[in-house]
Amino acid sequence: MTRGTLIALAGLGSAAMLLAAFGFQYLGGLAPCAMCLWQRWPHAAAMVLGAVGLALPHVALAALGALSMAVNAGIALTHTGVERGWWVLNLSCTSGSEDLGAMSAADLLNPEIGTGIVMCDEVAWQMFGLSMASWNGIASLVLMAIWIAAARARATA
């Protein structure tokens, strides 16, 4: 395959991942946590790189695409570790956070306050024992490999 084709494939892969995330959110009713939202940004960047790469299939764009997916895999796999309790991050979306710990019992039980909190250390959905964060990490590694293949490929046939 040519570099342009691989770049397009990788960009479309990120578009599919974002579409799935929005589908889970708006059709499935699964609100994202903060770490879930962080994982969307590298996919958005990869989509832009994919669109630019259609017109200008340069090796630098492919390298940036690979970097964006490496970053995304890191965020996703860190999120997986938080979900599985392998490590605790002191974030406002985890049960180990200072923000939730500082809240009073009345505030935690108040339905108007608590409805906006989506915990990063709780798995909302899983398939074959893997959470959405885990699947995103795996997909990001596959997309990174496609971006690397694009960087190594010829620009044209």
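Residue numbers run from 1 in the order of the sequence given. Keep in mind the model is a prediction, meaning the values are calculated, not measured.
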Quick check for you: to the nearest 0.5 Å, what is the distance between Ile75 atom CD1 and Arg40 atom CZ?
13.0 Å
Nonpolar side-chain network containing Trp41, other nodes, edges under 4.5 Å:
none
Restricting to pairs with a member in residues 10-30, which pass ring-ring contact (aromatic ring centres under 6.0 Å, His included), not counting sequence neighbours?
Phe24-Trp125
Given the rule in the side-chain contact (heavy atoms from CB on, under 4.5 Å) test, do His79 and Cys33 qualify, once you have shown the distances and angles that lead to the verdict?
CA-CA 10 Å; His79 190 184; Cys33 70; 3.4 Å; yes
Considering non-hydrogen atoms only, spot the tightest contact between Gln39 and Ala76 and give its length.
OE1-CB, 3.2 Å
Met17 vs Met69, side-chain contact (heavy atoms from CB on, under 4.5 Å): CA-CA, chis, key distance, verdict:
CA-CA 12 Å; Met17 292 300 294; Met69 288 301 97; over 6 Å; no
Co-membership, hydrophobic cluster, residues Leu18 and Met144, 4.5 Å side-chain
no
Considering all heavy atoms, the nearest Ala150-Ile7 contact
CB-CG1, 3.8 Å
Looking at every non-hydrogen atom in both residues, tell me the closest pair between Ala153 and Arg3 and how far apart they are.
O-NH2, 2.6 Å
Over all atoms of both residues, closest heavy-atom pair of Trp147 and Gly11
CZ2-N, 4.1 Å
When clusters are formed by joining ILVMFWY residues with side-chain heavy atoms under 4.5 Å apart, either directly or through shared neighbours, do Ile146 and Leu12 land in the same one?
no
Using modelled atom types and a 3.5 Å cut-off, is there a donor and acceptor pairing between side-chain atoms of Trp86 and backbone atoms of Thr80?
no
Which donor-acceptor pairs under 3.5 Å do side chains of residues 42-65 form with protein atoms, sequence neighbours excluded?
{"unit_1": "His43", "atom_1": "ND1", "unit_2": "Ser14", "atom_2": "OG", "d": "3.0"}
{"unit_1": "His43", "atom_1": "NE2", "unit_2": "Asn72", "atom_2": "ND2", "d": "2.8"}
{"unit_1": "His43", "atom_1": "NE2", "unit_2": "Asn136", "atom_2": "OD1", "d": "2.8"}
{"unit_1": "His58", "atom_1": "ND1", "unit_2": "Ala60", "atom_2": "N", "d": "2.9"}

Smallest heavy-atom separation, Ser140 atom then Ala73 atom, equals CB-N, 3.8 Å
